[in-house]
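Structure first, commentary second.
For this chain, numbers begin at 1 and follow the sequence in order.
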Amino acid sequence: QVQLVESGGGLVQAGVSLRLSCAASGRTVRISAMGWFRQAPGKEREFVAAINWSDESTYYTDSVKGRFTMSRENAKSTVYLQMNSLEPEDTAIYYCAADPLWRRNYASPYAYVYWGQGTQVTVSS
């Protein structure tokens with residue numbers, strides 16, 4: 001099994017930056033895809049970014065393109081989400097997800113079987 005733990009969230013003002021981390025443990029050789037999702041109160045869980053573990057290609061939702069960057073540590077089973085120019089609309093609980101397969105529907109929560117507990121990001125105006 002795989003365990004995921006997110007960290008790095010907090011309360012910040014609009015325009016500043018945060019970097020979220022997701023540390024994977026357990027049978028991490030099973031991981032082929034990792035993603036970031038977020039969920040605001042009253043909203044559906046929303047895709048933010050994903051990475052194909054084998055070739056490190058990344059994918060983003062339109063609202064964060066140019067502001068957020070997803071990356072991985074080659075020597076560790078850890079991924080990051082660098083978030084710049086944060087906006088109040090980015091306020092949400094951010095979740096890390098992983099799956100043994102890279103799937104065509106990588107932007108869907110249903111493409112991932114492993115999930116972290118989430119970390120709160122609050123952006124004030």
Side-chain angles (χ1 to χ4, degrees):
Q1 296 280 44
V2 173
Q3 296 80 44
L4 304 174
V5 179
E6 305 98 332
S7 62
L11 172 62
V12 298
Q13 288 188 308
V16 303
S17 299
L18 282 175
R19 189 178 74 158
L20 305 184
S21 299
C22 175
S25 61
R27 297 186 178 183
T28 57
V29 293
R30 295 176 55 85
I31 296 175
S32 293
M34 294 191 72
W36 287 98
F37 292 77
R38 64 188 183 187
Q39 189 164 22
K43 301 288 187 179
E44 296 281 327
R45 188 162 296 190
E46 176 190 23
F47 169 74
V48 178
I51 188 166
N52 185 320
W53 199 258
S54 63
D55 64 8
E56 299 186 65
S57 57
T58 53
Y59 306 86
Y60 303 91
T61 191
D62 286 344
S63 63
V64 308
K65 287 180 179 177
R67 298 190 298 123
F68 291 9
T69 302
M70 188 174 183
S71 62
R72 72 174 178 93
E73 287 276 0
N74 291 331
K76 297 182 178 180
S77 298
T78 303
V79 296
Y80 303 95
L81 185 67
Q82 178 68 42
M83 305 186 296
N84 298 329
S85 301
L86 282 164
E87 304 168 353
E89 292 74 21
D90 297 316
T91 295
I93 301 174
Y94 283 70
Y95 297 92
C96 179
D99 198 84
L101 295 175
W102 176 255
R103 304 177 187 272
R104 186 175 296 108
N105 63 333
Y106 60 85
S108 170
Y110 298 105
Y112 304 87
V113 68
Y114 302 112
W115 291 85
Q117 296 298 312
T119 185
Q120 177 72 47
V121 173
T122 302
V123 184
S124 66
S125 58

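For Y114, there are no ring pair (Phe, Tyr, Trp, His ring centres under 6.0 Å) partners, not counting sequence neighbours. Listed by chain and number, the residues in a salt bridge (Lys or Arg N to Asp or Glu O under 4.0 Å) with D55 amount to none (sequence neighbours excluded). By the side chain to side chain donor-acceptor pair (under 3.5 Å) test, S54 is found to be paired with N52, residues two or more places apart in sequence or in another chain being considered.
Residue W53 is not grouped with residue F37 when hydrophobic side chains (ILVMFWY) are merged at heavy-atom distances under 4.5 angstrom, including chains of intermediate members. Follow the hydrophobic side-chain contacts under 4.5 Å out from I51 and you never reach Y59; the two are in separate clusters. Criterion: ILVMFWY side-chain heavy atoms under 4.5 Å apart, direct or through other members. Under it, Y60 and V79 are part of a common hydrophobic cluster.
Atom CG of L20 sits about 10.5 Å away from atom CE of M70, to the nearest 0.5 Å. The line from CD of E87 to OG of S125 is 11.5 Å long, rounded to the nearest 0.5 Å. Rounding to the nearest 0.5 angstrom, the gap separating the CE atom in M34 from the SG atom in C22 is 4.0 Å.
Residues P100 and V113 come closest through the heavy atom pair CD-CG1, 3.8 Å. Here the closest non-hydrogen pair linking A98 and L4 is N-CD1, 3.7 Å.
Between F68 and Y94, the ring planes are tilted. Angles from 30° to 60° get that label.
Sorted by first and then second residue, the side-chain hydrogen bond (donor to acceptor under 3.5 Å, both in side chains) pairs involving residues 10-22 (not counting sequence neighbours) are S17-N84. Residue pairs that meet the side-chain hydrogen bond (donor to acceptor under 3.5 Å, both in side chains) test with at least one member in residues 103-112, sequence neighbours left out, are D99-R103. Applying the disulfide bond (SG atoms under 2.5 Å apart) test to residues at least two apart or on different chains, none of the pairs has a partner in residues 51-92.
Crowding of Q120 atom CD: a count of heavy atoms from other residues, nucleotides or ligands under 6.0 Å exceeding 12. Counting heavy-atom neighbours within 6.0 Å of R45 CZ, excluding the residue itself, gives a total above 12.
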